[in-house]
Amino acid sequence: MSSEQRDDAVFKALANAKRRQMLDALKDAPQTTGSLCETFAEMDRCTVMQHLRVLEDAGLVIARREGRERWNHLDALPIKAIHDRWISQYAGHAINVLEALKEEVER
């Protein structure tokens, strides 16, 4: 998979509010699929699994089986890669523009 395809998969995964909420739920500690189903009780198990599959395909969630349980772990590295590639470069430019504006206003 090319880096562009990986970025597309991450953006697709992050485009959905429920998937972002799932990542938030996994931020502090891994959870079982059953636990995520309880947290997102408004969705049926199949829908939770579909969202987890999209997150896995994007590399944002790593699933590990332990006996009968499936533990879902957050992998934030793809988000960091997006940040490094897209956000940080533009944030630096925005700060420079704001500094120039501040200097102009103060004159």
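The shown structure was predicted, so the numbers you read here are calculated from the model rather than taken from an experiment.
- For the pair Arg64 and His73, the minimum side-chain heavy-atom distance is below 4.5 Å.
- Annotation: salt bridge (charged side-chain N to carboxylate O under 4.0 Å, His left out) contacts of Glu66 (sequence neighbours excluded): none.
- A side chain to side chain contact (heavy atoms under 4.5 Å, CB included) with His51 is found for exactly one of Val48, Val54, Thr47, namely Thr47.
- Linking Ile, Leu, Val, Met, Phe, Trp and Tyr residues whenever their side-chain heavy atoms come within less than 4.5 Å places Val61 and Ile79 in a single cluster.
- Note that the CG atom of Leu74 and the CD1 atom of Ile62 stand 8.5 Å from one another [nearest 0.5 Å].
- Closest heavy-atom contact between Arg19 and Ala13: NE-O, 3.0 Å.
- Within 6.0 Å of CD on Gln5 lie more than 12 heavy atoms contributed by other residues, nucleotides or ligands.
- The two residues Glu56 and Ala63 make their nearest non-hydrogen contact at OE1-CB, 3.8 Å.
- Within the model, atoms OG1 of Thr32 and CZ of Arg65 stand 11.0 Å from one another, a figure rounded to the nearest 0.5 Å.
- Between Pro30 and Trp71, the closest heavy-atom pair is O-CZ3, 3.5 Å.
- There is a path of hydrophobic side-chain contacts, each under 4.5 Å, that joins Met43 to Leu36.
- Once rounded to the nearest 0.5 Å, the distance linking OG of Ser35 with CD of Glu38 reads 6.0 Å.
- Looking only at side-chain heavy atoms (C-beta outward), Arg45 and Thr33 come within less than 4.5 Å of each other.
- Although no hydrogens or angles enter the test, the distance criterion places no donor-acceptor pair under 3.5 Å between the side chain of Asp75 and the main chain of Leu60.
- Applying side chain to side chain contact (heavy atoms under 4.5 Å, CB included) to Lys102 and the options Glu106, Glu104, Glu99 leaves one that passes, Glu106.
- The salt bridge (charged side-chain N to carboxylate O under 4.0 Å, His left out) contacts involving residues 76-91 comprise Lys80-Asp84, where partners must be two or more places apart or lie in separate chains.
- Between the CG atom in Asp8 and the OG atom in Ser2 there is a gap of 7.5 Å [rounded to 0.5 Å].
- Across Pro78 and Gly59, no two heavy atoms sit closer than the pair CG-O, 3.4 Å.
- Side-chain contact between Leu26 and Leu55 is absent, with no heavy atoms from C-beta onward closer than 4.5 Å.
- With contacts defined as side-chain heavy-atom distances shorter than 4.5 Å, the pair Gln31/Asn72 does not qualify.
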